[in-house]
Amino acid sequence: MAEEIELKLALGADGARALAEHPRLAGQPARRETLTNTYYDTPTGDLEAARVALRIRRTPERWLQTLKTAGQGSGGLSARGEWEWTITGPTLDLAGLETLAPMQTLGRDVLTALEPRFTTDFERTSWLLESGEASVEVALDRGEILAGEHRAAIDELELELKRGTPEALWTLAETFAAEVPLRPANLSKAARGAALRDAHWPLPTTPATLHDASPAGRFDAAIAALDALADSGDAAFLGRARDALQTLADDDALDAAIREPAASLAAALGEPDWLDRDFGRHSLALLAALHRA
C-alpha cells in the first residue's frame with residue numbers, strides 16, 4: 001500500500017489558462033493524457049459508506065485498477081491509502097481485490113455485488129516540479145463527471161507530494177494563488193460522483209451544530225458547502241458557506257489572523273464573481289493561521 005498525500009484546489013473562471021501561463025510552470029515539460037474512469041460500488045453503496053473508492057482507469061497505455069481509502073486531513077489536504085495495479089481490460093480483478101484489507105473487512109458479499117456506478121472523463125496536464133526540499137506533481141484536470149442523467153464539470157488542480165514534507169504543497173499553492181483564481185476543495189472525484197448520482201450533498205455540520213465545531217471544522221464546513229454548490233447549483237449552499245466563515249470572523253476568542261481572512265471570505269461570497277485571486281489568497285492565509293493555532 002502506498003500513501004497518497006495531495007492538496008486539492010478548485011479553479012475559478014480562466015484558472016486553467018492562468019495556471020498554464022504561471023512563471024513556476026513556464027518552460028517546464030508537460031505531459032497530457034486523456035483518462036476515462038469507471039467507479040464501482042454495490043447497489044446499496046457499501047463502499048461509499050465505508051469511505052472506500054474503487055475505479056478502473058483507462059489510460060493511453062493501459063488499464064489500471066485502484067482502491068483508495070478516505071483521506072485524513074482538512075482544508076483540501078489529505079493523506080490516504082492507495083492500492084493500484086495494472087489489469088488486462090475493463091473488468092474488475094476480483095481476485096486482486098480480495099487480498100486487500102479494506103475489502104476483506106467488507107466481506108465477500110460486497111465484493112461480488114460490485115457494479116459500475118458513475119464515470120469521470122477528463123484530460124490531465126501534469127508537470128513534475130523538483131527542488132532540493134521536495135518533489136511535487138502538479139496535475140490540472142478538466143472534463144466532467146457523468147452519473148446517470150446528471151453531469152458536473154471537473155476543473156481542478158491537484159498537488160501531489162512525491163518527496164518532502166506537506167508544507168511544500170502549501171508553499172506551492174500560495175505561489176499559484178498569486179496569479180490563479182482557486183480555492184481549497186475537499187471532495188474527491190469519487191465522492192463528487194456519488195453525491196451527484198444520488199443528488200444528495202451532506203455537510204459535516206448543521207446550522208445548529210456549527211458553533212460547536214472547532215475553528216478548522218467550521219472552515220471545512222465552508223469548503224464542503226462550496227463543493228456542494230459547485231455540483232448542485234443550489235444557492236442554499238452558498239449561504240451555508242458564508243455562515244460558517246462568518247462564525248470565524250465573529251469569534252472574538254480567535255486571533256485576528258483567523259478572523260480577518262474569514263471576514264474577507266464571507267464578504268466575498270456576497271459578490272457574483274467571488275472565486276478570484278483574492279479569494280484564493282485569503283483562503284490559504286486562513287488555512288495557515290488555523291494550522292498555526
Side-chain angles (χ1 to χ4, degrees), residues 6-10 41 44-53 68-80 150 152 156 166 170 182-271 274-275 279-280 282-293:
E6 69 175 18
L7 178 62
K8 186 181 295 293
L9 302 160
D41 203 342
T44 53
D46 292 275
L47 296 192
E48 182 186 353
R51 303 187 68 198
V52 172
K68 294 186 181 186
T69 56
Q72 302 297 317
S74 65
L77 181 69
S78 65
R80 54 188 176 181
H150 305 290
E156 66 184 29
W170 292 117
L182 53 79
R183 66 169 179 85
N186 277 336
L187 284 187
S188 66
K189 294 181 183 71
R192 290 179 64 192
L196 188 67
R197 181 196 65 222
D198 300 334
H200 177 59
W201 289 267
L203 299 185
T205 65
T206 66
T209 62
L210 180 60
H211 286 81
D212 296 327
S214 67
R218 282 179 260 170
F219 188 56
D220 276 339
I223 294 174
L226 294 178
D227 288 345
L229 170 69
D231 288 348
S232 71
D234 186 345
F237 288 118
L238 185 67
R240 293 284 295 274
R242 188 167 52 240
D243 290 346
L245 291 166
Q246 197 63 52
T247 66
L248 293 173
D250 294 341
D251 191 339
D252 291 335
L254 298 177
D255 190 270
I258 295 174
R259 290 186 286 106
E260 290 174 2
S264 296
L265 292 171
L269 291 180
E271 301 297 325
W274 53 269
L275 185 45
F279 195 91
H282 291 312
S283 294
L284 294 173
L286 175 53
L287 285 170
L290 289 168
H291 178 72
R292 289 194 299 270

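All values below come from the heavy atoms of this structure, side chains included, with hydrogens, waters and symmetry mates left out. We're numbering straight along the sequence, starting at 1.
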Handout entry: Step-by-step side chain to side chain donor-acceptor pair (under 3.5 Å) determination, D220 to N186
Key = CA-CA 8 Å; D220 276 339; N186 277 336; 3.3 Å; yes
Exercise for the section: Begin with the C-alpha distance, continue with both residues' side-chain angles, and end with the deciding distance and a verdict on side chain to side chain contact (heavy atoms under 4.5 Å, CB included) for D227 and W201. Expected result: CA-CA 9 Å; D227 288 345; W201 289 267; over 6 Å; no
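Atoms CG and CG, from L238 and L269 in turn, are 5.5 Å apart once rounded to the nearest 0.5 Å. Atom CG of D255 is separated from atom CG of D252 by 12.0 Å, given to the nearest 0.5 angstrom. The line from CZ of R240 to CG of L229 is 12.5 Å long, rounded to the nearest 0.5 Å. Note that the CG atom of L187 and the CD atom of E156 stand 10.0 Å from one another [nearest 0.5 Å]. Rounding to the nearest 0.5 Å places CG of L245 at 7.5 Å from CG of L226. Between the CZ atom in R51 and the NZ atom in K68 there is a gap of 14.0 Å [rounded to 0.5 Å].
At distances below 3.5 Å, at least one donor-acceptor pair connects side-chain atoms of D41 with backbone N or O atoms of E48. No donor-acceptor pair closer than 3.5 Å links the side chain of T209 to the backbone N or O of T205. In this structure, the side chain of R259 engages the main chain of L254 through a donor-acceptor pair within 3.5 Å.
L196 and D231 get closest at one heavy-atom pair: CD1-O, 4.0 Å. When all heavy atoms of P204 and A224 are compared, the pair lying nearest together is CD-CB, 3.6 Å. In terms of heavy atoms, W274 sits closest to A268 at CB-O, 3.0 Å. Listed here is the closest heavy atom pair of A10 and A185: N-CB, 4.0 Å. The minimum heavy-atom distance between K8 and S188, with the atom names listed, is CE-CA, 3.9 Å. Closest non-hydrogen pair, A190 versus A53, comes out as CB-CB, 3.6 Å.
Between R218 and D251 there is a salt bridge, with a side-chain nitrogen of the basic residue lying less than 4.0 Å from a carboxylate oxygen of the acidic one.
Side-chain atoms of F219 and I258, non-hydrogen and from C-beta on, never get closer than 4.5 Å to each other. Side-chain contact between L275 and R183 is present, with at least one heavy-atom pair separated by less than 4.5 Å. The closest side-chain heavy-atom distance from L248 to L265 is not below 4.5 Å. In this structure, the side chains of P184 and L287 come closer than 4.5 Å at one or more pairs of heavy atoms.
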